[in-house]
Novice: 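My questions all concern the structure below.
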Amino acid sequence: MSLTDSKERTGNFRPQDAPHYDDVLQCMRCGFCLPTCPTYVLTGRERSSPRGRVALARAVAEEKLEFSRAVRDEAFFCLDCRACTSACPSGVRAGEVMEVCRDQAQSFYPLGRTGRALRGFILEKMLPSPGLMEASMLPTRLYQRLGIQWLVRHLKVLNLGPDWMAKAEGMIPELDKPLRPQLPPVVPAKGEKRGRVGFFLGCVMTLMYPNVSRQTVRVLAQQGFDVVTPRDTKCCGAPHLSEGDRATARRLAKFNLDLFMAEEIDYIVTDCAGCGAALKEYEELLAESADHRSLQIFRSKIRDVSEFLSEVGIREEGLAPVNATATYHEPCHLCHAQGISRQPRELIKQIPGVELREMNESNWCCGSAATWGLKYSEESQKVLDRKLENVRATQADYLVTANPGCHLQLAWGVREADMPQKVLHLMELMGRALPPDPE
């Protein structure tokens, strides 16, 4: 069998967006992935392990198995935390194979009319539209401002419904106005100019954590970089890849690619681990539909903010002591999907007055994984409990992370467990060391 034939063998998969056969052939079934996989540790089921899921995909590709409900269920039960990829000596990307299988599941097991309409509206209409996303959050801000949230939580009304409903409401942070309309198109560098960067402002960041991205821009400017934030930036496509809508993800990727390639910038920086992982995968996602040279240039410019600051070096003059202890939770899509682990720690240690206290299993998933934490709320709680025990043992003042999904899950978990740690994004912690902006 030639290499071309191997890659194009789809078997019982639909030809469009089938897993590459070579990707499922690489697994040697060595088992190195097993102790790293939260779902395997929870269930002990072989099919819920990375090698088990890859074996299912291979069986479908080799026409030994139909794309059954079991294959579909395992595709969505996978957290796509990529820990197995970090552990695999052969570089098998089981999480990405499962992402593709989620797309396949939409063809084999389509939703009913109502489900399709709702899914289509969210993924194809709302998420790609920054304006719609911002408008959708207004009722939630009113819900908080008018005291309705306090009443709902005080009366525990949502405890009468399914577990995911109370958790989803409980995870909502105190909302402020979206950051996107507030950020100037260009924030000039302070002090000696070191370059010009584009800032990829993520959907969740602008809506739920505007102060995080505000601090990111402050830090970048203070470090000597002009910060360009294109207002037309659309969702990176990560939610679509997670939910099996690769077609919309491609449209968004092409739009963002063209938007940022038109800017005169040295780098493209993001403060969202999920966005960074998706942006770095545009080259593969758009391999058959975009200019190869443009994709290479775009990929070469993408940096997580911690990766970028570690690479260019911190300018320490003007930083004030923070005087606190911090422990660091590694977002899966930063440490496993992007291989960024050392750099956030280096930055934390460079903040004057901050003592970094390492936790056990810092790169163990927190149990968020996009919508996984709501779909599988009981299993998510068990994964989170393991993380919180390790956080508690550090007795640190702050629990630092670098992804909004982790931030939501951890902040909710810390509050529910009545723990004292305050959850901060790395840029919020670093922002505390900056001199105040002039009035």
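All of these numbers come straight from a predicted model, not from anything done at the bench. For this chain, numbers begin at 1 and follow the sequence in order.
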Novice: So, taking the atom named CG in L142 and the one named CD1 in I148, what distance separates them when rounded to the nearest 0.5 Å?
Specialist: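 Separation between the atoms: 8.0 Å.
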Novice: Less than 6.0 Å separating the ring centroids of F308 and F225?
Specialist: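 Centroid distance F308-F225: below 6.0 Å, so yes.
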Novice: Could you tell me whether the side chain of K177 and the main chain of P210 form a donor-acceptor pair under 3.5 Å?
Specialist: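 Such a contact is absent between K177 side chain and P210 backbone.
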Novice: Does K125, at its NZ atom, have more than 12 non-hydrogen atoms belonging to other residues, nucleotides or ligands within less than 6.0 Å?
Specialist: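 Open: at most 12 neighbouring heavy atoms sit under 6.0 Å from NZ of K125.
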Novice: Would you call R58 and D23 a salt bridge, taking side-chain N to carboxylate O under 4.0 Å as the test?
Specialist: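 So R58 does not pair with D23 through a salt bridge.
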Novice: Set out, in order, the CA-CA distance, both residues' side-chain angles and the distance that settles side-chain hydrogen bond (donor to acceptor under 3.5 Å, both in side chains) for E74 and S48, then state yes or no.
Specialist: CA-CA 6 Å; E74 286 304 331; S48 296; 2.9 Å; yes
Novice: Can you name the closest pair of heavy atoms from E307 and I302 and give their distance?
Specialist: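 Closest approach of E307 to I302, heavy atoms only: OE1-O, 4.2 Å.
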Novice: Rounded to the nearest 0.5 Å, what's the gap from OG on S306 to CD on Q343? Could you check?
Specialist: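 With rounding to 0.5 Å, OG (S306) is 6.0 Å from CD (Q343).
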Novice: Take a 6.0 Å sphere around CZ of R29 and say whether it holds more than 12 heavy atoms from other residues, nucleotides or ligands.
Specialist: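 Buried by this count: over 12 neighbours within 6.0 Å.
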Novice: Hey, is the main chain of E358 close enough, under 3.5 Å, to the side chain of T327 for a donor-acceptor pair?
Specialist: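 Checking the backbone N and O of E358 against the side chain of T327, no donor-acceptor pair under 3.5 Å is found.
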Novice: Under 3.5 Å, is there a donor-acceptor pair between the side chain of T216 and the main chain of V212?
Specialist: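 Checked: pair present.
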Novice: Ignoring hydrogens, what is the shortest heavy-atom contact between R180 and G131? Give both atom names and the distance.
Specialist: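 Where R180 meets G131 most closely, the heavy atoms are NH2-N, 4.1 Å.
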Novice: Any donor-acceptor pair under 3.5 Å linking the side chain of R47 with the backbone of R53?
Specialist: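 Answer holds: no.
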Novice: Using modelled atom types only, decide if a donor and an acceptor are shared between the side chain of N256 and the backbone of K234 within a distance under 3.5 Å.
Specialist: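 It does hold such a pair.
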Novice: For E311, look at atom CD and say whether over 12 heavy atoms of other residues, nucleotides or ligands are found less than 6.0 Å away.
Specialist: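 Correct, the count exceeds 12.
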Novice: Under 6.0 Å from the CD atom of E361, do we count more than 12 heavy atoms belonging to anything else shown?
Specialist: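 Counting neighbours around CD of E361, more than 12 heavy atoms of other residues, nucleotides or ligands fall under 6.0 Å, so yes.
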Novice: Quick one: does T206's side chain have a donor or acceptor within less than 3.5 Å of a partner on L179's backbone?
Specialist: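 Yes, the answer is positive, given that a donor and an acceptor are paired below the 3.5 Å cut-off.
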Novice: Let me confirm one number: the CD1-CZ distance from I297 to R293, rounded to the nearest 0.5 Å.
Specialist: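 So the gap between those two atoms works out to 4.0 Å.
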Novice: For the pair F67 and Y109, name the ring-plane relationship: parallel under 30°, tilted 30 to 60°, perpendicular over 60°.
Specialist: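 Ring orientation, 0 to 90° scale: tilted.
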Novice: Could you report the tightest heavy-atom contact between P181 and R231, atom names first, then the distance?
Specialist: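 Heavy-atom minimum between the residues: O-NH2, 3.3 Å.
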Novice: Any chance you could measure L183, atom CG, to R214, atom CZ, to the nearest 0.5 Å?
Specialist: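 Answer rounded to 0.5 Å: 7.5 Å.
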Novice: Can you confirm if the NZ or CZ of K167 lies within 45° of the ring axis of W412 and under 6.0 Å from the centre of its six-membered ring?
Specialist: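 K167 over W412 ring: yes.
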Novice: Just by distance, with hydrogens left out, do Q409 and S380 show a side-chain donor and acceptor under 3.5 Å apart?
Specialist: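 Yes, S380 and Q409 have a side-chain donor paired with an acceptor closer than 3.5 Å.
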Novice: For R45, does its backbone N or O pair with a side-chain atom of T43 as donor and acceptor, under 3.5 Å?
Specialist: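 Between the backbone of R45 and the side chain of T43 there is a qualifying donor-acceptor contact (under 3.5 Å).
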Novice: For the pair R196 and E263, find out whether any cationic side-chain nitrogen is under 4.0 Å from an anionic carboxylate oxygen.
Specialist: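 Answer for the salt bridge query: no.
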Novice: Do any N or O atoms from the side chain of Q144 and from the backbone of Q149 form a donor-acceptor pair under 3.5 angstrom?
Specialist: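 Absent.
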Novice: Quick check: closest heavy atoms across E124 and T248, and the distance to 0.1 Å?
Specialist: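 Looking at all heavy atoms of both residues, the closest pair is CG-OG1, 3.6 Å.
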Novice: Mind telling me whether Y376 and W372 have parallel, tilted or perpendicular rings, with 30° and 60° as the class edges?
Specialist: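 If you compare the ring of W372 with that of Y376, the planes turn out tilted.
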Novice: Are E379 and K382 within salt-bridge range, i.e. N to O under 4.0 Å?
Specialist: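 No, this pair does not count.
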Novice: Drop me the distance from C332's SG to N363's CG, to the nearest 0.5 angstrom.
Specialist: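 Nearest 0.5 Å value for the SG-CG distance: 8.0 Å.
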Novice: Find the distance between CZ (R299) and CD1 (I268) and round it off to the nearest 0.5 Å.
Specialist: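 So the gap between those two atoms works out to 11.0 Å.
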Novice: Could you tell me if K301 sits above the aromatic ring of Y267, with its cationic atom closer than 6.0 Å to the ring centre and no more than 45 degrees from the axis?
Specialist: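 No, cation not above the ring by the 6.0 Å, 45° rule.
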Novice: Does the ring center of H425 lie less than 6.0 Å from the ring center of Y209?
Specialist: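 Distance test on ring centres: not under 6.0 Å, no.
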Novice: Considering only NZ, NE, NH1 and NH2 on the basic side and carboxylate oxygens on the acidic side, decide whether R93 and E284 come within less than 4.0 Å.
Specialist: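 Salt bridge: yes.
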Novice: Taking all atoms of both residues into account, what is the closest heavy-atom pair of L241 and E99, and its distance?
Specialist: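 Shortest heavy-atom separation between L241 and E99 comes out as O-CG, 3.8 Å.
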Novice: Can you see which heavy atom on E62 is nearest to which on L25, and at what distance?
Specialist: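 Nearest pair, atom of E62 first, then L25: OE2-CD2, 4.4 Å.
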Novice: Taking the side chain from Q182 and the backbone from P178, do they hold a donor-acceptor pair closer than 3.5 Å?
Specialist: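 Side chain of Q182 to backbone of P178: a pair is present.
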Novice: Look at atom NZ of K422 and say whether more than 12 heavy atoms of other residues, nucleotides or ligands are closer to it than 6.0 Å.
Specialist: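 For K422, atom NZ is not crowded (no more than 12 foreign heavy atoms under 6.0 Å).
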Novice: Heavy-atom count check: over 12 atoms from other residues, nucleotides or ligands less than 6.0 Å from F32 CZ?
Specialist: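 No.
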Novice: State whether the number of non-hydrogen atoms from other residues, nucleotides or ligands found under 6.0 Å of D163 atom CG is greater than 12.
Specialist: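 It does not: D163 CG has 12 such atoms or fewer within range.
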Novice: Evaluate the salt bridge (Lys or Arg N to Asp or Glu O under 4.0 Å) criterion for residues E243 and K375: first the C-alpha distance (whole Å), next the side-chain angles of each, then the deciding distance (0.1 Å), finally the verdict.
Specialist: CA-CA 12 Å; E243 293 299 319; K375 292 175 181 175; 3.2 Å; yes
Novice: Using a strict 4.0 Å threshold on nitrogen-to-oxygen distance, state whether D80 and R82 make a salt bridge.
Specialist: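 Yes, charged N to carboxylate O under 4.0 Å.
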Novice: Less than 3.5 Å apart, any donor N or O on the side chain of H336 or S86 sitting next to an acceptor on the other?
Specialist: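 Yes - a donor-acceptor pair under 3.5 Å links their side chains.
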Novice: Around atom CD of E66, are there more than 12 heavy atoms of other residues, nucleotides or ligands at under 6.0 Å?
Specialist: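 Counting neighbours around CD of E66, 12 or fewer heavy atoms of other residues, nucleotides or ligands fall under 6.0 Å, so no.
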Novice: Are the charged groups of E46 and R51 less than 4.0 angstrom apart, N to O?
Specialist: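 Answer for the salt bridge query: yes.
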Novice: Does a side-chain N-to-carboxylate-O contact under 4.0 Å join D103 and R246?
Specialist: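 No, D103 and R246 are not salt-bridged.
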